[in-house]
Amino acid sequence: MAEINKKLLDDCAKCGSCKARCPVYDITRNEGFSPRGRIVLLKGIFSGGTVQAGPPAIRRLMSCALCGLCDNTCPVGIKPTEIIYQGRAALRGADRGRLLLRTALRFGLRSPGAALGAARIFPGLAQRVLPGVKTLPRRTLRNGGQVIKPANRKSAGRVAVFAGCSTNYLMPETGESLIGMLLALGYEVILPHGEVCCGSPLRALGLEEEARNFALKNIEVFGKMNVEAVVSPCPTCTLVIREHYRHLTGAAVRNAMDAVEFLSGKLDAGAGRKTASERLVWHEPCHLRHGLGFDPQGLLNLLNIEKGDDGCCGLGLSLTDRGLSQEMLRRKTEAYQGRGRVVTACPGCMLQLRRGGLETVHILELMEEAFFPAAEV
Ligand code: SF4
Ligand code: SF4
């Protein structure tokens, strides 16, 4: 059995402050399904030998949504998600039920384009793996190694885009909005050759070594680029390449930034048109607000987007605990019903919310409409 950083387990004072924010504990009301409960469980397995690494322990460990809501609550500075990632890696051998899923993910993420081709041939399978996707797009964003220059104006600088798998293969229109706005602001945009999956789904399943290999590839491509920022339309990708990579490799893409945050700092608020009369409600991605610490309230006011319901949509559980994932989605669907299109800043949240029958749009597309109605890729 692989080891875990026992100091992290020992540092926990068992105060329970982290429990108050946990959406899974909120549903289950069971200590074993809280961040503190999972830490105590791992301590029992790895320090005392008092707990067996059997199915009940695995169930509790895999029931974490990896939302990170508990990470900013600890008075001694512990980040429970990091302990949970380590626990999943250390106990992956004991989790035999997900062997096939791990194998499929390992191969699928190595070559997402080919996996998508297979999904087109077997639409039934695609619906099971990508439940929020009604039709698979024929085009992708990825163009490999291109530098796109703004037309007829002096360059304002250079940025690179880390598109992420969802934007590259499932929602290229979001990436096109991002690129269109960067060009309209005068930026040269680099879409480098060699971007791979950020590795987040691999790490969620305890495939630490495989996630590390992906991290090293992305750090090689993006880590030393001479650009103002590496921007991404996916806050999970940004969080992973900027923060999680440090735990995996000791290095990271330090200038990674969420695209909405980057653009918010560049746009002239006075130049934006309010979005038309349509009713819109905001779904806050956990990794944007609590992981990256960006609050887009000013932008929401400007675009006439109503504040939505705070909390996790359950996407992070879609591979590891379908029942809890569905319950979290049900709560979101209920909270947003009848409040118009759901606006968010995360392609992953969009997939999950669409699975619940909600109509969604990425805020980058609304920003493009409001600030640059004529912007083109
Ligand atoms: S990451 Fe989210 S689901 Fe997991 S323990 Fe923390 S608050 Fe609970
Ligand atoms: S808040 Fe920190 S110290 Fe308290 S139980 Fe949670 S992880 Fe342990």
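Note that ligands are numbered from 1 as they come in the structure, with each ligand's atoms numbered from 1 the same way.
Atoms CZ and CE, from R88 and M62 in turn, are 4.5 Å apart once rounded to the nearest 0.5 Å.
Less than 4.0 angstrom separates some heavy atom of T81 from each of these atoms of ligand 1: 1 (S). Atoms of ligand 1 found under 4.0 Å from any heavy atom of G68 (numbered from 1 in listed order, with element): 1 (S), 2 (Fe). Listed by number with element, the atoms of ligand 1 under 4.0 angstrom from any heavy atom of P35 are 5 (S). The ligand atoms of ligand 1 that sit less than 4.0 angstrom from a heavy atom of L66 are 1 (S), 4 (Fe). Contact atoms of ligand 1 toward V24: 3 (S) (distance under 4.0 Å to a heavy atom of the residue).
Around atom 4 (Fe) of ligand 2, protein atoms of type N, O or S found under 2.8 Å number 1.
At most 12 non-hydrogen atoms from other residues, nucleotides or ligands lie less than 6.0 angstrom from NZ of K224. The environment of K307 atom NZ is dense: over 12 non-hydrogen atoms of other residues, nucleotides or ligands sit within 6.0 angstrom.
Atom 5 (S) of ligand 1 has its closest protein heavy atom at R38 NH1, 3.1 Å. For atom 2 (Fe) of ligand 1, the closest non-hydrogen atom on the protein side is C67 SG, 2.2 Å. The shortest contact between atom 3 (S) of ligand 1 and any protein heavy atom is with A65 N, 3.2 Å. Taking atom 6 (Fe) of ligand 1 as the reference point, the nearest protein heavy-atom neighbour is C70 SG, 2.3 Å. Summary of contacts: the protein heavy atom closest to atom 7 (S) of ligand 2 is I39 CD1, 3.6 Å. Residue, atom and distance of the protein heavy atom nearest to atom 8 (Fe) of ligand 1 are C22 SG, 2.4 Å.
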Quick one: do K43 and D10 satisfy salt bridge (Lys or Arg N to Asp or Glu O under 4.0 Å)? Show the steps, please. CA-CA 8 Å; K43 193 162 177 172; D10 291 339; 3.1 Å; yes

Checking R158 against E228 for the salt bridge (Lys or Arg N to Asp or Glu O under 4.0 Å) test, could you report, in this order, the C-alpha distance in whole Å, the side-chain angles of both residues, the deciding distance, and whether it holds? CA-CA 6 Å; R158 276 190 157 198; E228 185 176 327; over 6 Å; no

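A side-chain contact (heavy atoms from CB on, under 4.5 Å) with V161 is found for exactly one of V227, L191, T167, namely L191.
Put simply, F372 and V231 are part of the same group of oily side chains (I, L, V, M, F, W, Y) that touch within less than 4.5 Å, one to the next. Clustering ILVMFWY residues whenever any of their side-chain heavy atoms sit less than 4.5 angstrom apart, transitively, puts F294 in the very cluster that holds L366.
Salt-bridge check for D309 with R339: failed, with every basic side-chain N at 4.0 Å or more from each acidic carboxylate O. Comment: D321 engages R59 in a salt bridge, judged by a side-chain N to carboxylate O separation of less than 4.0 angstrom. Of the charged side-chain nitrogens involved, at least one lies within less than 4.0 Å of a carboxylate oxygen, so that R330 and E327 count as a salt-bridged pair. Look at E31 and R60 and you find no salt bridge, because none of the NZ, NE, NH1 or NH2 atoms lies under 4.0 Å from a carboxylate O.
Using a 4.0 Å cut-off between heavy atoms, D11 makes no contact with ligand 2 at all.
In the candidate list G37, P80, C64, S63, C64 is nearest to atom 4 (Fe) of ligand 1, counting heavy atoms.
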